[in-house]
Structure formats: structure tokens, C-alpha cells
There are 2 protein chains.
Amino acid sequence: MITSTDILRKLDFFTEPGLKEELAQHGQVASFNKGDVIVRDGQYVKFLPIVLKGAIRVFQQSEDREILLYYVRADETCTMSLAAAYFNNKSTSHGVVTEPTDVLIFPAGMIEQWQLKYPSWNRYMMQMFRTRYDQLINSFQGVAFENIDTRVMDYLKNAARKANNQSVTLSHQQLADELGTTRVVVSRILKDYEHQNKIRLFRGRIELLS
Amino acid sequence: MITSTDILRKLDFFTEPGLKEELAQHGQVASFNKGDVIVRDGQYVKFLPIVLKGAIRVFQQSEDREILLYYVRADETCTMSLAAAYFNNKSTSHGVVTEPTDVLIFPAGMIEQWQLKYPSWNRYMMQMFRTRYDQLINSFQGVAFENIDTRVMDYLKNAARKANNQSVTLSHQQLADELGTTRVVVSRILKDYEHQNKIRLFRGRIELLS
DNA sequence: TCAGAACGGTATCAAAAGATACACAAGCAA
DNA sequence: TTGCTTGTGTATCTTTTGATACCGTTCTGA
């Protein structure tokens, strides 16, 4: 079980003691399992989450297509929720937990109060907005200018680097979803890469060579 | 000539008298002409601009391609500059004036101070971040899921609506740049639309019918 | 152990969009 | 006027990607 002491130790980029106290006081820890839906399109956002452990996949959906915005990982918050909560708007995206996840949630109203009191809170928000925006630009650049084979390889290398492991556990379908294309296309490209000895394919797993 | 009184009257979503005073005190009005470069990739951002009149085109460039992020128009600020200024980073994008433009600029350092003093300043920043992010998602959706012919028509309708005019002054090349494609493709599509009696083409001008 | 789901391989076809090339017209400056 | 630049029309060809269909394999739960 996570205690408030843990929280204070963990979120140490919040430097003001007062802010830490408020985080512990107004915040509540909630745990979720893979598949749990944290935010839904059309729902009002009353609480802002900061992920302590795990990951939330945030995406938008329109008919059959979906567009991946970002993952919220440890120490991060969801800027879509932040904006929606701040303006008391409905969410325009979905947030789904992809692995066992602990989240610190607190009432939307705190956001505005903390802005006026705690510089490190402002830094945090600015940092989050900037990171998300950069990420989105990156994805955009990818979709606009790179061929899918390149994007597949970029994704794999990135995933391998993050996991610190040459082996990426992922099905072709999942990979297709991440890149906004179809399974057949991904399978085709992966097979090519395998023939070029750049990767090796297993069921549900892709291994990077070199 | 724009006076400080003008500024106070214009930016009336800044509700605190103190903030208005500071805007007038620390801010300077600068005028630019079409083609002037306000921000350059790689440059440090020491001043934050708020556009009073006109428009700045903000985009990123990589080799031959460019990606349009947004236009900064009256009452708006450039979130890329805002983030860069706040963190004392170099800019990663270009800002070019596309029509005669007046800008209120003030030192980057004010941003953090105002966050702690003026709620309406915080609202303003949040609003800008949200708007830019939504716009980028929209463009992304377009590029990812719409065919170019649809995007061309969307762009034209949008431009016509904004200008409150069925006639859009724009060359095929410019339109191609906005959409991140090539002139030939745009010409082809426009010709099709003309044959379908949806538009009429002139040199440097496109007229929407219906 | 058996059925069904999830996973992956592959072939065929079609559509979308980029690349290239060339022609001509309109506008502009010397 | 002449020559240069900008804008536009159009044809041809190729590449990339998506759509569809069908197959076998592996895994999992009843």
C-alpha cells in the first residue's frame, strides 16, 4: 500500500513543502488494472490524475479510427484532463490503463489555487504541456513525412531503448494500432525487415538485431 | 500609432488592473511587415509576443518539408515561444509575419511572475495551450484519416468562412504548402472540383460556389 | 480435448498520391 | 518589347498503402 510519505518522496520535483502537504492532504491514491477506463469521451473531468506507477493510454476515437495522443507514465499528468478539468469541460478523449497502475487524484479546483501559490506546480504544468505538444508534433511529422516502414522501425527502436531490451513484446495488431495502420501492412513490413536480417519475429514478440 | 490605452482596452480578457498596468509598463509595441521573421529555429526566445493585429505563421522545417503548426492572430500568443521563453530554451520553429502585424512584446521573465499574481493570466495561458493542442490534433486527424481532396475543400471552406468571403486569394502553390503536399496534386484536385461546379478558378484566386 | 480466439503469413487488386516533364499564359521589370 | 518569373493545365508513370480473402498455427478456457 502506498502511503502519503511515499508520495512526498516520489514527487520530489514539487519543491515547496506546502504543495507536498496539500498533495498528501487533498490527493487520493487509486489503483487500476489493465483495461480499466479512467476517462471517457464526453465525460466531465472532476479530478486530475498524476500517475505514480504504470501507464495510461490516451487517445481519440472517431468511427472506426483512433489516434494515439500519448501515454501518461510515472510522474506525469494528462494534459487533456488538465485542460478539461480547468475549464470544466467534457473530455474529448479516452484514457485506458494498459498495465497495473497507481494514480494520485485530486479535485480539479486545486489546479487554479496551486498556480497562484507554488512555482514548482507551474513549472510542472508548463513542462507537461511542452512535452505533450512536442510529442504530438513528432507523431505528426512521422505520419506526414515518413513511410510506414520507417515508422515501424523507429517505433521498435524507441520501444527497445525505453525497455532497455532488444526484444519488444508486442503483437502485429498492437503495433498497427499504435501507428494507425492495419495488421496486414505491419506483418508485410516486419517480414521484409526479417528477410533483411534486421529483426527476428516470434509470436507476440519482435527482436531487434544489430 | 498604438498607445498604451489602446492596449488596455484591447486585451480586456486580462481582468486584473494590476496586470494591465504591467502589460502597459513592461510591454513594447513592435510593428512588422509581410515576410519579417520574428522567431527563428535555434534562436533563444527572450521576449514573448502577443499579437495585437495581423498574423504570424508558425512552422517547423526539416530539409525540404515544412509543417504548419498554427497562425498567431489578434489577442493570441505563440505557445512555442511561451514554452521556449519559460524554460530559456532555443526555439524549434520559425515564426514569419504574413501581413502587416503589430505585436506586444515583453520580457520572458514576466511569465512566471504573472502566474503567481494574476488568475486571468493563467486562464489565458491555459486557453492558448488548449487551443493550440486541439488545432494540432485536428491537423493530425486530417493528415492521418482524410484524403487530400477533402482536406483541400475543408481548407477552402474554412478560409472563406474566416475571411467572410466566398473568394479565397491564394495560389495553388501556397495551398499546397499549407497542406503539406505539392502544387501538381492541388491543381489536379481543384480542377476536379471546378468540373463538379463546386468552385471556380482564377489566377491566384479560388471562388467557392454554392 | 475441443472449440474458438488470437496471431501471423501471403497473394491479389485497387486507390491515392507523389515525381517528372512539358506547355502555355499572365504579370512584371528592364 | 523582350525576357524572366510566377501561376496553371495536364499526361504519364511509379510507389505506397489499404482492402480483402484465405490459410495455418498457437494459445486458452470450458
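So that the names make sense, note that chain A is the first sequence line, chain B the second, and so on, each numbered from 1.
Protein atom CG of A/Asp192 is 11 Å distant from nucleotide atom P of D/dT16, rounded to whole Å. For A/Arg203 and C/dG9, the CZ to P distance is 10 Å, given to the nearest whole Å. Atom CG of A/Asp177 is separated from atom P of C/dG8 by 12 Å (rounded to the nearest Å). B/Ile148 has its CD1 atom 18 Å from the P atom of C/dA15, to the nearest Å. Computed from coordinates, the B/Arg188 CZ to C/dA16 C1' distance equals 9 Å when rounded to whole Å. When the C1' atom of D/dT15 is taken as reference, atom CZ of A/Phe145 falls 18 Å away, rounded to whole Å. The nearest whole Å value for the distance from the CG atom in B/Leu201 to the P atom in D/dT10 is 10 Å. The CZ atom of B/Phe202 sits 16 Å away from the C1' atom of D/dG9 (whole-angstrom rounding).
When each of B/His195 and A/Ile189 is assigned the nucleotide of DNA chain D bearing its nearest heavy atom, the one mapping closer to the 5' terminus is B/His195.
Nearest nucleotide to the B/Arg183 side chain, out of D/dT10, D/dT25, D/dA21: D/dT10. For A/Val184, whose side chain is taken as the heavy atoms from C-beta onward, the closest listed nucleotide among D/dT25, D/dA21, C/dG18 is D/dA21.
Between A/Thr182 and D/dA19 there is no side-chain polar atom (N or O) within less than 4.0 angstrom of OP1 or OP2. The phosphate of C/dA15 (OP1 or OP2) has no side-chain N or O of B/Asn147 nearer than 4.0 angstrom. Here A/His172 reaches the OP1 or OP2 of C/dG9: one of its side-chain N or O atoms lies under 4.0 Å away. A sub-4.0 Å separation between OP1 or OP2 of C/dG18 and a side-chain N or O of B/Thr181 is present.
Between B/Phe106 and B/His26, a ring centre-to-centre spacing not shorter than 6.0 Å is recorded. With ring centers used as reference points, A/Tyr124 lies under 6.0 Å from A/Phe14.
Remark: B/Arg73 is positioned above the aromatic ring of B/Tyr71, its terminal NZ or CZ atom under 6.0 angstrom from the ring centre and at most 45 degrees off the axis.
Within a 6.0 Å radius of CZ in B/Arg123, other residues, nucleotides and ligands contribute more than 12 heavy atoms.
Between B/Arg205 and B/Glu207 there is a salt bridge, since a side-chain N of the basic residue sits under 4.0 Å from a carboxylate O of the acidic one.
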